[in-house]
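Below is one structure, written out as structure tokens, with a few remarks after it.
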Amino acid sequence: MDPAARRGVAGLRDRTGRQPGKGDALRTLLNRANPDAPPATLDLSAATIVAITDTADSWPSQVALTELTYQALHPVMPAAQRLPWLQRGTDYHPQHYEELAAHYRQLGHDDDARTVLLARHRQRRRNLPGPAQLWGYIEDVTVGYGYRPGRALIWLLALIATAAIAFSAAPPQPSQSNGASFQPVVFALDLILPVLDLGQEKAFTPVDSTAWIA
């Protein structure tokens, strides 16, 4: 640890004003208004802290967070305001994100926990080779790495609407002369969702211009 970082860690106190001893629970107050404001680099690697009280701009530009654990963060901020703190980390480690996500789950803030875990995947993606990054972008856009499942429904509805419009413009030919009437939306559902059998796919055959969709 460099000397500036050592001074930063040594300057941390709990609420009694004592320096934490080995194994002590540490309560820290980080505030740039304090004369003992943190240095440019702060090493909290493997620290165990009871509670951290801070503001969005009270942290130095670089913070070593590897294996840092804590029980509480004050004040409670949305994940979007906490994530820049993790981005000050000197290196990427999934534990940083998992610790923050666990903090939000403990509070019952499941949406914030999912936001943190989504950010973990996005940060990890930056270190992947090109093809893996491309696949990561596809996962992110479609389902948010599994943390935004609602996106899958949006994509499904968009696909059904696109297919219905295409088949409305170029209606398929009936397979039987006196069969069911053609319904574009139902036909699209029948094609896209194989678990359904609405009878439209069997009753109609797409024409050449839309055969590739089917």
Side-chain angles (χ1 to χ4, degrees), residues 1 5-6 8-16 18-32 34 37-39 41-128 132-133 135-153:
M1 185 189 307
R6 285 185 184 277
V9 174
L12 298 176
R13 300 288 191 276
D14 63 11
R15 287 198 180 275
T16 66
R18 297 181 296 104
Q19 273 190 292
K22 184 177 181 180
D24 283 356
L26 174 65
R27 180 180 296 274
T28 66
L29 176 63
L30 297 174
N31 194 317
R32 290 199 179 280
N34 191 306
T41 301
L42 183 62
D43 191 345
L44 295 179
S45 300
T48 299
I49 301 175
V50 172
I52 297 176
T53 303
D54 64 353
T55 61
D57 62 349
S58 62
W59 291 91
S61 57
Q62 289 190 323
V63 185
L65 299 169
T66 303
E67 297 184 6
L68 166 67
T69 60
Y70 44 86
Q71 295 180 20
L73 296 171
H74 301 296
V76 176
M77 299 181 189
Q81 295 181 30
R82 279 291 176 193
L83 284 172
W85 172 49
L86 298 187
Q87 293 166 0
R88 295 172 188 251
T90 53
D91 59 352
Y92 164 76
H93 195 286
Q95 183 266 341
H96 307 164
Y97 294 84
E98 291 162 5
E99 182 72 17
L100 183 57
H103 162 70
Y104 281 119
R105 281 196 295 265
Q106 185 178 10
L107 296 174
H109 296 184
D110 292 338
D111 286 344
D112 284 314
R114 285 191 289 269
T115 297
V116 172
L117 294 174
L118 174 58
R120 178 193 64 180
H121 282 281
R122 289 173 173 170
Q123 187 67 22
R124 175 179 174 271
R125 185 176 65 208
R126 298 179 181 180
N127 301 321
L128 296 177
Q133 281 195 21
W135 179 248
Y137 279 113
I138 293 173
E139 285 188 287
D140 194 354
V141 171
T142 53
V143 294
Y145 286 99
Y147 298 108
R148 297 290 185 267
R151 291 182 184 177
L153 177 60

Taking atom OG of S45 and atom CG of L65, what is their separation to the nearest 0.5 Å?
7.5 Å
Of the non-hydrogen atoms in G146 and P149, which two are nearest, and what is the gap between them?
O-CD, 3.8 Å
Please work out whether the ring planes of Y145 and H121 are parallel, tilted or perpendicular, with thresholds of 30° and 60°.
parallel
Counting heavy atoms not belonging to E67, are there more than 12 under 6.0 Å from its CD?
no
Closest non-hydrogen contact found for L118 with G144 is CD1-O, 3.3 Å
Nearest heavy-atom neighbours spanning D140 and R125
OD2-NH1, 3.0 Å
Shortest non-hydrogen separation from A101 to A113 and the atoms involved
O-CB, 3.6 Å
Hey, does the side chain of R124 reach the backbone of Y92 with a donor-acceptor pair shorter than 3.5 angstrom?
no
Is the closest side-chain donor-acceptor distance between T41 and R88 under 3.5 Å?
no
Separation between CD1 of I52 and OH of Y70, rounded to the nearest 0.5 Å:
6.5 Å
Approximate separation, where rounding is to 0.5 Å, of W85 CH2 and L73 CG
5.0 Å
Can you pull out every side-chain hydrogen bond (donor to acceptor under 3.5 Å, both in side chains) where at least one residue sits in residues 94-107? Sequence neighbours excluded, please.
E98-R120
Looking at T115, D112, D54, which one forms a side-chain hydrogen bond (donor to acceptor under 3.5 Å, both in side chains) with R82?
D54
Nearest-0.5 Å distance, CD of residue Q133 to CG of residue N127
8.5 Å
Spacing of CG belonging to L42 relative to CD belonging to Q62, to within rounding of 0.5 Å
11.0 Å
Apply side chain to side chain contact (heavy atoms under 4.5 Å, CB included) to the pair H109 and V76, showing each step before the final yes or no.
CA-CA 10 Å; H109 296 184; V76 176; 3.8 Å; yes
